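First up is the structure itself, then whatever we jot down about it.
In the text below, chain A, chain B and the rest are named by the order of the sequence lines, each starting its count at 1. Just so it is clear, the model here is predicted, and its values are computed rather than measured.
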Amino acid sequence: MTTIAVDQISKRFGQQTAVDAVSFTVEPGEIFALLGPNGAGKTTAIRIILDIFKADSGTVSVLGGPMTEAKKDRLGYLPEERGLYQDGQLDRTLVYLATLKGLSGPDASRKVDQMLKRFELYDHRKKKIKELSKGMQQKAQLIVTLIHDPELIIIDEPFSALDPVNTQMVKDLLREERDKGTCIVMCTHQMHQVEELADRLVLINQGKVVLYGGLQEIRRSYSGQEVHVHALTEIPTGLPGAALIEKDNSGYRIHLEPSTTPQSLLRNLVERGVQLEKFEVAIPTLDEIFIQVVTAEGHPQ
Amino acid sequence: MNKVRIVFLHEFLLVLRSRSFLLTLFLIPLAGFAVILVIGGLQKNNQGAPLTSLIAPPSDTKPVGLIDQSGIITTIPESVSNLIMSYPDAESARVALTNQKISGYYVVAADYLTTGQVDLYRTDFNPIGGTDDSYLLSGLLEENLFSADPQLLNLFRQPMKLETHFESTAPQRDPNSALTFFLPYAVTMLFYILILGSSSTMLNSITNEKQNRVMEILLTSITPLQMLTGKIIALGLIGLLQTTFWSVSAFFLYRVSGRTFQLPVEFALPVSLLLWGLLYFVLGYAIYASLMAGVGAIVPNLREGSQATIIVIIPLVIPLFFINTLISAPNGGISMVLSLFPLTAPVAMLTRLAATQVPFYQTALAAVLQAGTAILIVRAVSGLFRAQILLSGQAFKMKLFLRALVGKA
């Protein structure tokens with residue numbers, strides 16, 4: 001059963017179209033990245049999925065059907081605009097929010113203690129939230145998102161304000177949740193985190209889907225336009241099929257002409273007697289793909 | 001229902017544990033206790049002095065001078081002889097004034113009988129208290145003008161002895177008693193403060209959640225209606241508890257100060273008033289707390305919320321403008337309209353009930369209208385929480401607020 005099925009949703013605010021006929025699906029047990037530049041419509045799409053906003057058109061199915069109040073207890077949400085009761089005591093606040101997610105009082109207290117220990121916040125449980133560091137508050141937010149063992153987790157910028165150690169801990173936690181079969185939708189600007197964690201992604205720009213699919217599949221589809229070469233001899237100038245040859249400390253970066261394939265370039269190099277040590281088709285990073293796509297589509301104001 | 005209970009308990013305990021609430025709860029009775037202690041101490045040191053003289057001692061007890069150029073004032077009664085000093089001419093009166101023997105002097109003009117002219121000379125100017133002693137001269141003139149016929153003087157001073165007879169079996173209130181006005185007035189003010197205070201707590205609660213950015217997490221856990229219902233019940237109960245605590249404290253302090261409090265039988269507030277009062281508080285509070293929550297939902301912070309609140313509480317203030325009418329003509333047209341219109345009814349109907357006997361159908365109709373309005377507003381405001389304006393943090397706009405209330409935003 002598909003966890004989330006978004007079909008042609010649109011939402012306008014006054015004259016501005018925030019989301020324009022967006023469609024995608026998210027499957028159980030996968031980490032799905034929702035990407036896009038600032039103002040692209042990611043948060044609006046998430047709020048429509050969560051039924052905070054109503055879409056002007058299109059349909060959304062969550063956990064097998066339309067969003068209901070009962071389903072809200074089966075999902076965990078870490079919003080972009082997040083915070084906790086600043087004057088509230090940490091453990092009391094967490095217990096309150098956990099009970100709102102359907103846990104009984106004793107269960108909530110037990111789970112809160114467990115999670116606080118796991119996130120190394122147990123010693124701070126009696127402190128007011130405003131007395132905690134930014135990183136600690138971020139961890140407390142994650143506890144609120146995960147405490148009721150949701151089937152679907154939607155997190156917006158989960159790594160902001162976390163140091164490398166805590167970032168690693170959260171990554172491990174998300175992988176663990178995925179391995180348990182939990183579906184995770186992650187909104188982030190940190191592309192290297194997406195590359196490390198995500199199985200599939202959708203890139204939204206100016207309210208429209210501009211890229212959608214498996215991470216490796218997308219990266220492969222953008223590869224082939226550049227090769228990395230280590231050679232024992234010089235590469236001759238005017239090499240057929242090469243649009244640009246750049247030399248750096250690690251070797252050559254050869255940008256291919258549009259009609260040229262890596263195979264034909266390799267043949268040309270061998271025919272010209274270049275002694276090759278390494279020939280590698282460059283697979284672009286997600287960062288590079290993101291910039292390439294967004295620049296080509298136009299960045300929102 | 002379970003989630004409403006969770007929100008209710010959370011809000012109730014949150015306010016109950018807050019330092020500002022506890023300070024307000026205990027400081028006000030303590031302040032009253034301190035005032036009673038101070039006054040009690042002062043009274044011990046000034047045996048027999050009336051309380052008012054301790055709070056506001058008489059500012060000027062000097063007699064007043066009089067120069068009668070008309071020749072009308074032939075006698076100064078014994079009772080005021082130490083308060084009015086007669087002088088033969090302006091010069092001698094001026095000397096007495098300069099030597100601070102008198103607070104001022106009056107000159108009754110020679111042609112007084114045709115002009116009524118009297119001049120007052122003082123060294124200072126006090127627009128409020130400066131002519132306090134004019135009643136002395138007024139009484140003196142009356143007595144001398146009517147000296148030939150004391151009976152006529154009495155009739156002049158009290159032209160009629162009005163006695164009103166009510167054809168009802170219920171104990172009748174004395175129309176001349178101060179309680180006739182002050183009892184409904186006190187009930188009105190108490191009710192106004194109770195509703196406004198509790199509703200303002202709601203505004204605080206909502207803007208606090210917005211500023212702490214908890215709202216979006218809450219809205220993915222509970223419905224706005226559940227959230228609003230839980231908050232309304234909790235904060236309303238807090239308001240009632242606070243008022244009860246203050247009332248009991250006031251009663252206790254009154255007893256501690258050695259006084260007893262007993263209303264005359266005709267002024268005793270009936271149990272039915274208490275029950276209606278409780279019902280009107282619940283309904284009125286539900287209406288205004290929801291409206292405050294609506295304001296809280298669409299303003300970015302408490303400061304702007306406080307400004308927007310003024311618009312919402314105007315209907316609650318209207319009965320205060322008409323309080324004299326509500327008390328003096330409790331069954332008149334204006335009183336009836338104000339006590340039936342749901343936004344003014346919570347205060348206006350209570351004022352009427354404290355002032356007179358209101359037909360049952362009117363009290364019941366007012367309650368039904370308020371209940372209907374409360375349901376509509378709670379629903380409208382719940383819908384408003386879903387609106388995009390809640391999360392966008394933009395400035396308060398009346399048009400947007402009204403559109404949101406009818407579910408168009």
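Contacts of B/Leu9 with chain A are absent, with no heavy-atom separation under 4.5 Å from either backbone or side chain. Heavy atoms of A/Val144 lying under 4.5 Å from chain B belong exclusively to its side chain.
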Evaluate ring pair (Phe, Tyr, Trp, His ring centres under 6.0 Å) for B/Phe26 paired with B/Phe245, printing each intermediate quantity in order. CA-CA 9 Å; B/Phe26 292 111; B/Phe245 182 79; 5.3 Å; yes
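Ion pair A/Lys180/A/Glu151 not flagged as a salt bridge, since none of the NZ, NE, NH1 or NH2 atoms sits closer than 4.0 Å to an Asp/Glu carboxylate oxygen. Residues A/Asp163 and A/Lys134 are not paired through a salt bridge, judged by the lack of any N-O separation under 4.0 Å between the basic side chain and the carboxylate.
Residues passing the side chain to side chain contact (heavy atoms under 4.5 Å, CB included) test with B/Ser247 are B/Thr243, sequence neighbours excluded.
Residues of residues 99-129 of chain A that come closer than 4.5 Å to chain B, counting heavy atoms only, are A/Thr99, A/Leu100, A/Lys101, ordered by residue number.
Side chain of A/Thr17 to backbone of A/Val19: no donor-acceptor contact under 3.5 angstrom is found. Between the side chain of A/Ser23 and the backbone N or O of A/Asp7, no donor-acceptor pair lies under 3.5 Å.
We find the OH-OH distance between A/Tyr85 and A/Tyr96 to be 4.5 Å, quoted to the nearest 0.5 Å.
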